[in-house]
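Presented below is the structure to which this report refers.
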Amino acid sequence: GPRGVGILYKKKTAPLQSLIFGGMQERGRRAGTENVAEIVGAAFALERNMQEIDNQIQHKRELDNRLMEGLLRISDVCVNADDVNRAPGILNISFLGINAKLLVLLLDAQGIAVSTGSACASGSLELSYVLEALGCTKENAQGAIRISCGKENTLEEMETVILRVEEAIKQL
């Protein structure tokens, strides 16, 4: 939706503190006049996304599957996910014996943006609790990268990622 507006869905019993004080709008939770045009724009964007969500999920699964198929051809590779319950568009994969941080740097130099962990744990030196819960060893986790795909990505781009990862692994 438009910049400057958002939607918060909360449980009735969940505590919520005001950020802006003064008026009694939204049951005393915020002050100021609502920007109706932006609210309508956000509602329209949400409705449109909900209509397209099944197609977006299918597209992301196709991208994930192509990426996995290509990357699993590399030796000493492990997909860190449950095939059934993993989120579409996010692939975490380990390359045993590879330093993931160096792999990220090599791929970045090739224009491929990947990460060594979740955004909420960036900079942490500890073993990812998610990878640990999946049964990954410390060695396996040290070679793990996360690749995210979106609705704008294409199968051709996945082919490029596969090629660049293969090249980077050979270098390392």
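Here CZ of F95 is found 4.5 Å from CD1 of I93. Values are rounded to the nearest 0.5 Å. Distance CZ/R164 to CD/E166: 11.0 Å, rounded to 0.5 Å. Interatomic distance, L103 CG to Q171 CD, rounded to the nearest 0.5 Å: 10.0 Å. For the atom pair K151 NZ and I53 CD1, the distance stands at 10.5 Å (nearest 0.5 Å). Within the model, atoms CD1 of I147 and CE of M68 stand 11.0 Å from one another, a figure rounded to the nearest 0.5 Å. With values rounded to the nearest 0.5 angstrom, Q142 atom CD is found 8.5 Å from T137 atom OG1.
Hydrophobic clustering (side-chain heavy atoms under 4.5 Å, transitive across Ile, Leu, Val, Met, Phe, Trp, Tyr) keeps I90 apart from L131. Linking ILVMFWY residues whenever their side-chain heavy atoms come closer than 4.5 Å, directly or via other members, leaves L163 and I112 in distinct clusters. Hydrophobic clustering of Ile, Leu, Val, Met, Phe, Trp and Tyr side chains at less than 4.5 Å, counting indirect connections, keeps F44 apart from I7. Hydrophobic clustering (side-chain heavy atoms under 4.5 Å, transitive across Ile, Leu, Val, Met, Phe, Trp, Tyr) keeps M158 apart from I57. A chain of hydrophobic side-chain contacts below 4.5 Å, direct or via other Ile, Leu, Val, Met, Phe, Trp or Tyr residues, connects L107 to L72.
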Worked check of side chain to side chain contact (heavy atoms under 4.5 Å, CB included) between V104 and L106: CA-CA 6 Å; V104 168; L106 285 175; over 6 Å; no
Working for side chain to side chain contact (heavy atoms under 4.5 Å, CB included), residues K10 and L16: CA-CA 9 Å; K10 79 169 203 68; L16 187 65; 3.8 Å; yes
Verdict with supporting geometry, V77 and L96, side chain to side chain contact (heavy atoms under 4.5 Å, CB included): CA-CA 6 Å; V77 172; L96 300 178; over 6 Å; no
Check against side chain to side chain contact (heavy atoms under 4.5 Å, CB included), L63 and L155: CA-CA 6 Å; L63 297 174; L155 288 170; 3.9 Å; yes
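Side-chain atoms of E62 and Q58 include a donor-acceptor pair closer than 3.5 Å.
Of all heavy-atom pairs between G143 and A100, the closest is C-CB, 3.8 Å. The minimum heavy-atom distance linking A81 with R86 is given by the pair CB-CD, 3.6 Å. Of all heavy-atom pairs spanning T154 and E157, the tightest one is N-OE1, 2.8 Å.
Within a 6.0 Å radius of NZ in K11, no more than 12 heavy atoms belonging to other residues, nucleotides or ligands are found.
The only member of I74, L172, I145 that meets side-chain contact (heavy atoms from CB on, under 4.5 Å) when paired with I98 is L172. V79 pairs with exactly one of N92, L71, L67, L91 by the side-chain contact (heavy atoms from CB on, under 4.5 Å) rule, that one being L91.
Of the possible polar contacts, one joining the N65 side chain to the R61 backbone as a donor-acceptor pair under 3.5 Å is found. Between the side chain of S94 and the backbone N or O of N140 there is at least one donor-acceptor pair closer than 3.5 Å. The main-chain N or O of N49 is never found under 3.5 Å from a side-chain atom of E52 such that the two would form a donor-acceptor pair. Between the side chain of H59 and the backbone N or O of N153 there is at least one donor-acceptor pair closer than 3.5 Å. A donor-acceptor pair under 3.5 Å is formed between the side chain of D64 and the backbone N or O of G89.
Pairs engaging residues 66-76 under the side-chain hydrogen bond (donor to acceptor under 3.5 Å, both in side chains) rule: R66-E69, R66-E159 [sequence neighbours left out].
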